[in-house]
Amino acid sequence: MIGEISISGVYLPALLVLAIVATVLTGIATRLLTLVSAYRAIVYRPIVDLAIFVLILGLLSLLTGRPGS
């Protein structure tokens, strides 16, 4: 089925799985940015974190070709 991933017989929307993976990768990216003190130059951190999440989700979507295809 297009747009669904079967995990132990439970079908999940591919976008949900990609969003979960993107959330984990965003957490890793934000921790790395915190370690290098990149947030000192940023005025509003939540907007940057949201943008990183959207970028990672879009990149995962392009790489897997799942949602919207």
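Numbering of residues begins at 1 and proceeds along the displayed sequence. Atom set for the values below is all heavy atoms of this structure, side chains included, hydrogens, waters and symmetry mates excluded.
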Name the atoms and distances for all side-chain donor-acceptor pairs under 3.5 Å in residues 49-60, with sequence neighbours left out.
from, atom 1, to, atom 2, distance (Å)
D49, OD1, Y39, OH, 2.6
D49, OD2, R45, NE, 3.4

Grouping ILVMFWY residues whenever side-chain heavy atoms fall under 4.5 Å, the cluster of Y44 otherwise contains I47
*asked:* Assigning hydrophobic clusters by single linkage (Ile, Leu, Val, Met, Phe, Trp, Tyr; side-chain heavy-atom cutoff under 4.5 Å), is V10 placed with V17?
replied: yes
- prompt: Linking I/L/V/M/F/W/Y whenever any side-chain heavy atoms sit under 4.5 Å apart, do I7 and L16 land together?
  reply: yes
Here the salt bridge (Lys or Arg N to Asp or Glu O under 4.0 Å) pairs for residues 19-36, sequence neighbours left out, are none
Salt bridge (Lys or Arg N to Asp or Glu O under 4.0 Å) pairs touching residues 9-19, sequence neighbours excluded, are none
task: Check whether any side-chain heavy atom of V24 sits under 4.5 Å from a side-chain heavy atom of T26, and report yes or no.
output: no
Is it true that L18 and L62 fall in one hydrophobic cluster, defined by side-chain heavy atoms closer than 4.5 Å? no
So salt bridge (Lys or Arg N to Asp or Glu O under 4.0 Å) across residues 9-30, not counting sequence neighbours, yields none
